[in-house]
A.B. asks: 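Quick one: the structure is below, and I'll ask about it shortly.
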Amino acid sequence: MSAILPLYPLENPMPKASADAPIGIFDSGIGGLSVAQEIALYLPNERIVYYADTAHVPYGPRTDQDIRELTAHAIEWLYRQGCKVAVVACNTASAFSLDYLREHYGENFPIIGLVPALKPAVLQSKSKVVSVLATPATFRGQLIKDVMTRFAEPANVEVITVTNLELVPFVESGRYNTLECKQSLQKVLDPIVEKGSDYLVLGCTHYPYLKQSIQELYGEKLNLIDSGLAVARQTARILIKNGLASSSPQNDGVRLQCYVSGGNANALKMVLNHLIQEKITWSIENIAEKLG
Ligand code: DGL
């Protein structure tokens with residue numbers, strides 16, 4: 001693996017963040033908002049700075065090194081905003097970056113990552129056939145291979161892996177409940193249902209927004225599992241362990257500040273209006289010019 005140059009020298013670290021600082025959350029695009037919302041609901045005292053690298057989405061078809069570098073730059077941006085921890089709310093980015101990021105920041109800046117939630121699917125499957133839908137890059141990474149070896153193999157559960165690069169653009173453009181999107185889903189999900197899969201792990205943070213479409217297509221035949229709540233719980237544990245949990249309720253001000261690196265912020269605003277629950281106050285800003 002070639003080295004990644006940090007944006008700022010390590011001898012110039014940020015002052016240690018306090019419990020009042022926001023949680024930083026990153027995804028290649030707006031899919032990670034599925035995780036950000038779980039965190040916002042589970043931790044009502046916390047503020048969130050969300051960074052979507054919409055100039056470079058999707059990450060799924062990119063090379064390992066490309067994904068690692070884009071992720072390193074995004075996390076450095078969150079660190080420079082004064083965030084107290086970072087959540088890599090993207091399975092694809094996590095697959096290639098967690099080791100590097102943890103080594104780079106050490107205890108100064110805890111990093112929370114994601115891996116497709118295979119364990120609960122394996123434990124609950126009756127047919128002993130489960131499927132994981134994720135990007136090709138996620139399946140190339142070691143994290144998913146490790147969970148398969150740890151949980152699926154000892155339980156004798158067959159794991160079917162499926163990818164579909166059309167799905168992330170459907171979510172990014174707000175077309176996740178359309179007929180076109182459902183037809184695209186059917187291309188990969190009909191075969192796994194035929195093979196007897198009773199659980200589908202949504203191994204990309206964009207996919208929870210496809211739940212309604214998948215349920216309309218397959219009903220109870222396919223149980224859906226995502227990582228959102230587990231990540232929110234893990235974030236709570238890490239905050240408490242590091243003495244960084246906020247104790248005062250966030251009743252005023254914007255709780256979820258979204259920043260995007262490209263694209264049309266107005267068009268994204270329309271999509272976010274549908275994606276983000278009403279009780280969470282949010283804002284969006286395109287920072288392409290500020291990033292240089
Ligand atoms: N949301 C990302 C994930 O969880 C992937 C989207 C992309 O391909 O950029 O894997």
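When a ligand or atom number is given, it counts from 1 through the structure's own listing order.
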A.B. asks: Nearest 0.5 Å, please: how far is CG in L133 from CG in L189?
C.D. replies: 6.0 Å
A.B. asks: Do E46 and R255 sit within salt-bridge range, that is, some charged N less than 4.0 Å from a carboxylate O?
C.D. replies: no
A.B. asks: Taking only distance into account, with no hydrogens and no angle test, what donor-acceptor pairs under 3.5 Å do side-chain atoms of residues 222-232 form with protein atoms, sequence neighbours excluded?
C.D. replies:
| residue | atom | partner | partner atom | Å |
| --- | --- | --- | --- | --- |
| N223 | ND2 | D198 | O | 3.0 |
| D226 | OD1 | G228 | N | 2.8 |
| D226 | OD2 | K211 | NZ | 2.6 |

A.B. asks: Who passes side chain to side chain contact (heavy atoms under 4.5 Å, CB included) against A21, sequence neighbours left out?
C.D. replies: A17, K84
A.B. asks: Excluding sequence neighbours, so at least two apart, what forms side chain to side chain donor-acceptor pair (under 3.5 Å) with R102?
C.D. replies: none
A.B. asks: For ligand 1, what are the residues with a heavy-atom contact below 4.0 Å?
C.D. replies: D27, S28, V57, P58, Y59, G60, C90, N91, T92, T135, V168, C204, T205, H206
A.B. asks: How close do Y51 and S261 get, heavy atom to heavy atom, and via which atoms?
C.D. replies: OH-CB, 3.3 Å
